[in-house]
Enquirer: 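I have a structure I would like to understand better, so I am pasting it below and will then ask my questions one at a time.
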Amino acid sequence: MTKTLLHIDSSALGDFSTSRKLTASIVRAWQQANPHVRVTYRDLAAAPPAHLTGRVMMAMRSRDLTGLSDEERVQIAFSDDLVEEFLAADAVVIGAPMYNFSLPTPLKAWIDRIAQAGRTFKYTESGPVGLAGGKRVVIASSRGGMYAGTPLEAALDHQEAYLRGVLGFTGITDVAIVRAEGTNMGPEAVEQAMISAHEQIERLFVTSLAA
Ligand SMILES: Cc1cc2nc3c(=O)[nH]c(=O)nc-3n(C[C@H](O)[C@H](O)[C@H](O)COP(=O)(O)O)c2cc1C
């Protein structure tokens with residue numbers, strides 16, 4: 001039974017965002033299936049983590065805050081909050097639109113904060129090992145063009161493939177994708193994409209996420 005769900009949005013488009021509509025539907029479905037689930041919400045577009053600087057990165061690794069400014073200390077505390085929030089969640093719903101074949105930069109900045117050696121993965125003699133396994137992740141993927149099952153998927157999808165890769169690196173293998181694609185291809189394509197995405201959500205909750 002999912003106890004804590006972390007709901008993340010990253011689209012810059014506010015009320016016009018496709019991925020925000022999808023994450024809201026997924027979280028609503030989760031709450032209907034499990035009314036006791038506690039939802040934590042993080043809007044990365046509204047409050048983006050800053051780009052990492054060398055000093056902040058070094059202090060994140062060494063835990064030595066000597067000589068850091070107040071602002072840099074706030075950055076470290078924020079990173080710690082993000083890591084703890086991520087590790088504490090049994091499930092994570094991530095709104096991830098495709099921007100320039102990849103992710104919105106606030107979502108990448110979040111990944112730069114949570115992908116920390118010793119916290120979410122570790123290096124061992126036999127290679128890296130993820131420390132954040134056991135979570136369910138649902139990615140709400142929105143994109144203007146069509147990629148799935150086309151030659152463009154291998155060439156240009158650095159969004160879904162990248163997210164799966166980095167989550168896998170932290171040990172998370174239970175990743176489902178709810179996809180609305182072709183959203184820049186006219187009103188009929190948008191309608192079809194949303195119908196398809198909502199069918200995907202329904203199927204997810206019937207088959208695997210009801211608990
Ligand atoms: C800055 C920006 C870059 C985009 N880059 C791409 C792209 O590389 N490929 C694509 O298919 N669509 C691209 N799009 C279209 C979005 O992926 C599409 O509109 C998606 O539905 C946006 O989701 P959102 O409304 O949740 O932000 C881009 C949109 C924006 C705003």
Side-chain angles (χ1 to χ4, degrees), residues 5-32 37 39-52 82 85-86 89 91-115 135-168 172 174-205 209:
L5 189 156
L6 173 58
H7 172 180
I8 294 176
D9 279 321
S10 65
S11 166
L13 298 182
D15 290 345
F16 299 101
S17 158
T18 300
S19 61
R20 284 174 188 267
K21 289 190 185 87
L22 295 182
T23 60
S25 295
I26 296 163
V27 171
R28 226 176 5 253
W30 219 311
Q31 286 171 313
Q32 275 162 9
V37 70
V39 178
T40 306
Y41 182 60
R42 188 162 288 280
D43 187 339
L44 294 171
H51 290 160
L52 280 177
L82 293 177
E85 180 178 79
F86 174 64
V92 188
V93 175
I94 304 176
M98 178 186 274
Y99 287 175
N100 297 313
F101 309 111
S102 169
L103 301 176
T105 52
L107 183 53
K108 176 58 167 59
W110 176 79
I111 290 167
D112 288 343
R113 300 284 167 163
I114 58 138
K135 293 184 205 311
R136 290 174 156 170
V137 175
V138 180
I139 296 168
S141 162
S142 54
R143 37 217 204 167
M146 305 290 278
Y147 299 84
T150 79
L152 291 183
E153 188 170 29
L156 292 175
D157 175 8
H158 308 293
Q159 169 218 16
E160 291 182 11
Y162 169 71
L163 266 177
R164 269 191 194 281
V166 78
L167 289 167
I172 299 172
D174 187 353
V175 179
I177 300 214
V178 169
R179 179 185 303 122
E181 59 179 0
T183 62
N184 283 3
M185 296 170 72
E188 275 174 27
V190 172
E191 197 186 331
Q192 198 45 53
M194 293 310 273
I195 290 170
S196 163
H198 281 99
E199 285 170 357
Q200 293 166 50
I201 295 171
E202 221 162 272
R203 273 200 302 276
L204 261 186
F205 280 88
L209 296 183

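Count residues from 1 along the sequence. As the structure lists them, so they are numbered: ligands from 1, and atoms in each ligand from 1. None of the values given here were measured: they were computed from a predicted structure. Keep in mind that the numbers below use all heavy atoms, side chains included, and drop hydrogens, waters and symmetry copies.
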Enquirer: Counting both backbone and side chain atoms, is some N or O of R20 under 3.5 Å from an N or O of ligand 1?
Expert: no

Enquirer: To the nearest 0.5 Å, tell me how far L13 CG sits from S142 OG.
Expert: 8.5 Å

Enquirer: Rounded to the nearest 0.5 Å, how far apart are CZ of F101 and CE of M98?
Expert: 7.0 Å

Enquirer: Side-chain contact, heavy-atom cut-off 4.5 Å: Y162 with K108?
Expert: yes

Enquirer: In the protein, which heavy atom is nearest to atom 28 (C) of ligand 1, and how far is it?
Expert: M98 O, 3.5 Å

Enquirer: So, Q200 versus S196: side-chain donor-acceptor pair below 3.5 Å or not?
Expert: yes

Enquirer: I need the nearest protein heavy-atom contact for atom 23 (O) of ligand 1: residue, atom name and distance, please.
Expert: S142 OG, 2.7 Å

Enquirer: Quick one, P49 and L44 - any side-chain contact, counting heavy atoms below 4.5 Å?
Expert: yes

Enquirer: Return the closest protein heavy atom for atom 27 (O) of ligand 1 as residue, atom name and distance.
Expert: S11 OG, 2.6 Å

Enquirer: Quick test: of every protein heavy atom, which one is nearest to atom 25 (O) of ligand 1, and how far off is it to 0.1 Å?
Expert: T18 N, 2.9 Å

Enquirer: Checking a contact table here: which protein heavy atom is nearest atom 10 (C) of ligand 1, and how many Å away?
Expert: Y147 OH, 3.2 Å

Enquirer: Side chain, backbone, both or neither: which applies to L156 and ligand 1 if a contact is any heavy-atom pair less than 4.0 Å apart?
Expert: neither

Enquirer: Output yes when the distance from some N or O of ligand 1 to some N or O of P97 is under 3.5 Å, and no in every other case.
Expert: no

Enquirer: Backbone, side chain, both or neither: what part of T183 comes under 4.0 angstrom of ligand 1, heavy atoms only?
Expert: side chain

Enquirer: Please write down residue, atom name and distance for the protein heavy atom closest to atom 31 (C) of ligand 1.
Expert: Y99 CE2, 3.7 Å

Enquirer: Give me the residue, atom name and distance of the protein heavy atom closest to atom 15 (C) of ligand 1.
Expert: N184 ND2, 3.4 Å

Enquirer: Report the nearest protein non-hydrogen atom to atom 5 (N) of ligand 1: residue, atom name, distance rounded to 0.1 Å.
Expert: N100 N, 2.7 Å

Enquirer: Would you mind listing which atoms of ligand 1 come within a distance below 4.0 Å of any non-hydrogen atom of L13?
Expert: 25 (O), 27 (O)

Enquirer: Hey, which atoms in ligand 1 end up nearer than 4.0 Å to a heavy atom of G144?
Expert: 10 (C), 11 (O), 12 (N), 15 (C), 16 (C), 17 (O), 18 (C)

Enquirer: For ligand 1, find out whether one of its N or O atoms is nearer than 3.5 Å to an N or O atom of F101.
Expert: yes

Enquirer: Using ring centroids (six-membered ring only for Trp), state whether Y41 and H7 fall under 6.0 Å.
Expert: yes

Enquirer: Could you tell me which atoms of ligand 1, counted from 1 in the order shown, lie closer than 4.0 angstrom to a heavy atom of G145?
Expert: 10 (C), 11 (O)

Enquirer: What I want to find out is whether D43 reaches R20 closely enough, with some N-O distance under 4.0 Å, to be called a salt bridge.
Expert: yes

Enquirer: Just verifying a value: how many Å separate R42 CZ and W110 CH2, rounded to the nearest 0.5 Å?
Expert: 9.5 Å

Enquirer: Compute whether any side-chain donor of one residue and acceptor of the other, for E160 and S141, lie under 3.5 angstrom apart.
Expert: yes

Enquirer: For the residue pair S10 and P97, what are the closest heavy atoms and their distance?
Expert: OG-CD, 3.5 Å

